[in-house]
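Quick notes on the structure that follows.
Here, residue 1 is the first one in the sequence, and each next residue gets the next number.
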Amino acid sequence: MSGDLWFYHLERSSLDEVLPELLEKTLARGWRALVRSPDAKRREAIDQLLWTWRDDSFLPHGQVEAGSPERQPVLIAEDEANPNGAQCLFLLDGAEPEKPSSFDRMIVMFDGQDEVAVQDARALWKKASGRGCTVSYWRQSPEGRWEKKA
């Protein structure tokens, strides 16, 4: 395993609040993003969210099934085939990186209120750090800013 693996512990904000902001920052960096979830309902919900999350912002995106995935700056998918050439992989709902060397950065987002999700994130942390991956842990401050804790 290689590349950066960042863990975002969602405690104060929901995935719906955090994911669009992180995707916006990814695009501002000049990168493309692949959002991976094994849950079809979650993928559909993210697709809808990204159309409507803010009145003054547009996040160009699409789902793999909609066609022309190579043209999408943000691609929502079940797997990480990466047809849009994304540099950043967002892993949701317990998804683990299959081909970490294909990405510059991988971001695991997990719900701090879900004990199974917390345990899965801890197990992935141990596995990734044991394989030489650069791992970091991000947590929200009481003011809502993301701070690197490890």
Could you check whether Arg29 makes a cation-pi contact with Trp31, meaning its NZ or CZ is under 6.0 Å from the centre of the six-membered ring and within 45° of the ring axis? yes
Arg139 to Trp146, cation-pi by 6.0 Å centre distance and 45° axis angle: no
Pairing donors with acceptors under 3.5 angstrom, does anything connect the side chains of [X] and [Y]?
{"X": "Gln63", "Y": "Glu44", "value": "yes"}
{"X": "Ser37", "Y": "Asp93", "value": "yes"}
{"X": "Ser13", "Y": "Gln140", "value": "yes"}

To the nearest 0.5 Å, atom CG of Leu5 lies from atom SG of Cys133 at 4.5 Å
Does this structure show an ion pair linking Asp56 with Arg54, if we count only N-O contacts that are shorter than 4.0 Å? yes
Evaluate the salt bridge (Lys or Arg N to Asp or Glu O under 4.0 Å) criterion for residues Glu96 and Arg36: first the C-alpha distance (whole Å), next the side-chain angles of each, then the deciding distance (0.1 Å), finally the verdict. CA-CA 9 Å; Glu96 291 191 17; Arg36 181 170 173 231; over 6 Å; no
Within-4.5 Å side-chain heavy-atom neighbours: Leu34 and Phe90: no
Any side-chain heavy-atom pair of Glu21 and Trp53 under 4.5 Å: yes
With no hydrogens and no angle check, is any side-chain donor or acceptor of Gln72 less than 3.5 Å from a backbone partner on Pro69? no
Taking His61 for the side chain and Asp47 for the main chain, is one N or O donor matched with an acceptor at less than 3.5 Å? yes
Do the ring centers of Phe7 and Trp138 come within less than 6.0 Å of each other? no
